[in-house]
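What follows is a short report on a single structure.
When a ligand or atom number is given, it counts from 1 through the structure's own listing order.
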Amino acid sequence: MKEGVRIAVVGAGVVGLSTAVCVAEALPLCSVTLLADRFSPDTTSDGAAGILYAAKFPDIPMQRQKRWFKDSFDHLLAIAQSQHAPEAGVIMSSGCQILREITEEKEPFWADSVIGFRFMTDKELQRFPDHKCGQVFTTIKCECSSYLPWLKNRFVQLGGQVVQRKINSLQELSGDSYDIIVNCAGLGSKTLVDDGQVYPVRGQVLKVEAPWLKHFVRDGDGKTYIYPGVHSVTIGGTRQEHDWRLQVDKGDTSSILERCSRLEPSLVHAKVLGEWVGLRPSRRNPRVEKELLRMQGRTVPVVHNYGHGGWGVTLAWGTALDALGLVRQCLHEMPLRAKL
Ligand code: FAD
C-alpha cells in the first residue's frame, strides 16, 4: 500500500540510526535514505559514556518517559544477551549511583526497568563518606563507537540508502522529492530547523586503562562518574551549559582525575588512553513530534526526534519507536498520489 514512498532521515548519531533502522524494518515497502554530514566515529554519540540512566524531563508525561526508557532498555538488553553483544558494543554493567542528600523520592522512575534495583547498605556506603545514600543496579553500557557501525550495517542490510551530505535547509530535501522527512540532527537542529531552544552542554571525558575495575560508580550530580567498558574505563566529566568549545581543557582533565580518584583511589595507577569532548544536544524537553511544512508549493510532513541532552543513548530506541508511530500517521494521512 505504501510502496514508493520516499523517507529521508537526517542524522547518523544514535538517534538518527535507531530511527532509520526502526522505520526501515517496520516499513519495508518504503524507500528510506539516511543523510548526514558526520558519521561514526565523528558524531557526539561516538564519545558518549553510553550508560543507560536518565533524569526526568519537566514537561513530558511520566508514562511516556518510562516507556522511552523501558523500550530502549529491553531492546539493548536483548542485544547484550545475544551473540551480537561484543560486535555491537552492548554489555550489561552493574554498579552504584551515590547521592550526597537523601532524596524525597523513594525510587527513580526507571527503577523497575533496570535489573535488581535496591538501595545501598550502610556497609556499602562506608566507602563513600561524603555521600548519604546510594542505589545499586544493573544497567546497560552501549558503546556507540561499535553500536553505530553495527546499526548502520543493519540499516543497509534492510535496503536503506546512506548519503553523506550537509543539509542546509529541509527545503533541499523537498526539492529531492522526499515524501516524509525525519529530523534527527541533534544540536544541528538549532540551525537546520531554527530551534532556539536547543543548546550545547559541553562534556569532557577520559578513557583510561584500569582493567581491574568492574563496577560503575556515578555521583548523583552527574558530573563525576567511572564507567568500565569493553576495552577501557570512561571517567568523567563536565556539564558546561552553552559552552561550544570542542577542545580538551587541561583544567577539566585534572579535575576529572582528581574527582574520580577520590571515589576510586586505584585510578591513580590508571594510564590515560585518550581525552574527548562532546556537546550534548540539550533542550528543556526532547522534541518528538510531527509538523506539516509548506515547501516549494507542497505540504511535507516532518517528524522531529532531537534534543535528548545527556540521555540520547538511553532513550534513542524508545523515541525512535515513537518517531516510527508518527511516520505511520503521516503515511496514513498522505494523499493517495504520494503513496504511488
Ligand atoms: P549526534 O550524535 O550529535 O548526531 C547528530 C547527527 O546529525 C550527526 O550525524 C550530524 O552529522 C547530523 N547533522 C546535524 N546537522 C546536520 C545537517 N545540517 N546536515 C546533515 N547532517 C546533520 N547519553 C546517555 O544516554 N548515556 C551516557 O552515558 C552519555 N554520556 C555522555 C557523555 C558525554 C561526555 C557527552 C557529551 C554526551 C553523553 N551522552 C550520554 C549524551 C549523548 O551523547 C547524546 O544525547 C546523543 O549522542 C545524541 O544523539 P543524536 O543522534 O541526537 O546526536
Please work out whether any backbone atom (N, CA, C, O) or any side-chain heavy atom from C-beta onward of [X] is under 4.0 Å from ligand 1, and answer side chain, backbone, both or neither.
X      : value
Val205 : side chain
Arg202 : neither
Pro281 : side chain

What protein heavy atom lies closest to [atom]? Include the residue and the distance to one decimal.
atom                    : answer
atom 3 (O) of ligand 1  : Thr44 OG1, 2.8 Å
atom 50 (P) of ligand 1 : Val15 CG2, 3.8 Å
atom 46 (C) of ligand 1 : Ser45 OG, 3.7 Å
atom 23 (N) of ligand 1 : Gly310 O, 2.9 Å
atom 27 (C) of ligand 1 : Gly50 N, 3.3 Å
atom 22 (C) of ligand 1 : Asp37 OD1, 3.3 Å
atom 33 (C) of ligand 1 : Arg280 NH2, 3.8 Å
atom 19 (N) of ligand 1 : Ile167 N, 2.8 Å

Exercise for the section: Tell me whether the guanidinium CZ or amine NZ of Lys56 lies under 6.0 angstrom from the six-membered ring centre of Phe109 and within 45° of its axis. Expected result: no
**Lys NZ or Arg CZ of Arg6 over Tyr178 ring: under 6.0 Å, within 45°** = yes
Do the charged groups of [X] and [Y] touch, with an N to O distance under 4.0 Å?
X      : Y      : result
Arg245 : Asp243 : yes
Glu172 : Lys166 : no
Asp322 : Arg67  : yes
Asp195 : Arg283 : yes

Would one find an N or O of [X], backbone or side chain, under 3.5 Å from an N or O of ligand 1?
X      : result
Ala49  : yes
Ala12  : yes
Leu35  : no
Thr314 : yes
Arg38  : yes
Gly309 : yes

When Phe69, Tyr227, Trp110, Phe117 are each screened for ring pair (Phe, Tyr, Trp, His ring centres under 6.0 Å) with Tyr53, the one that passes is Trp110
>> Tell me if a side-chain donor or acceptor on Ser261 pairs with a main-chain N or O of Glu258 at a distance below 3.5 Å.
In response: no
Close approach, [X] and ligand 1, non-hydrogen under 4.0 angstrom:
X      : answer
Cys184 : yes
Val14  : yes
Lys141 : no
Trp311 : yes

Is it true that, when you exclude [X] itself, more than 12 heavy atoms of the residues, nucleotides or ligands shown sit nearer than 6.0 Å to its [atom1]?
X     : atom1 : answer
Gln83 : CD    : no
Lys70 : NZ    : no
Asp59 : CG    : yes

Check: of Gly186, Gly307, Ser72, Gly11, min heavy-atom distance to atom 53 (O) of ligand 1 comes from Gly186
Here the atoms of ligand 1 under 4.0 Å from any heavy atom belonging to Thr43 are 2 (O), 9 (O)
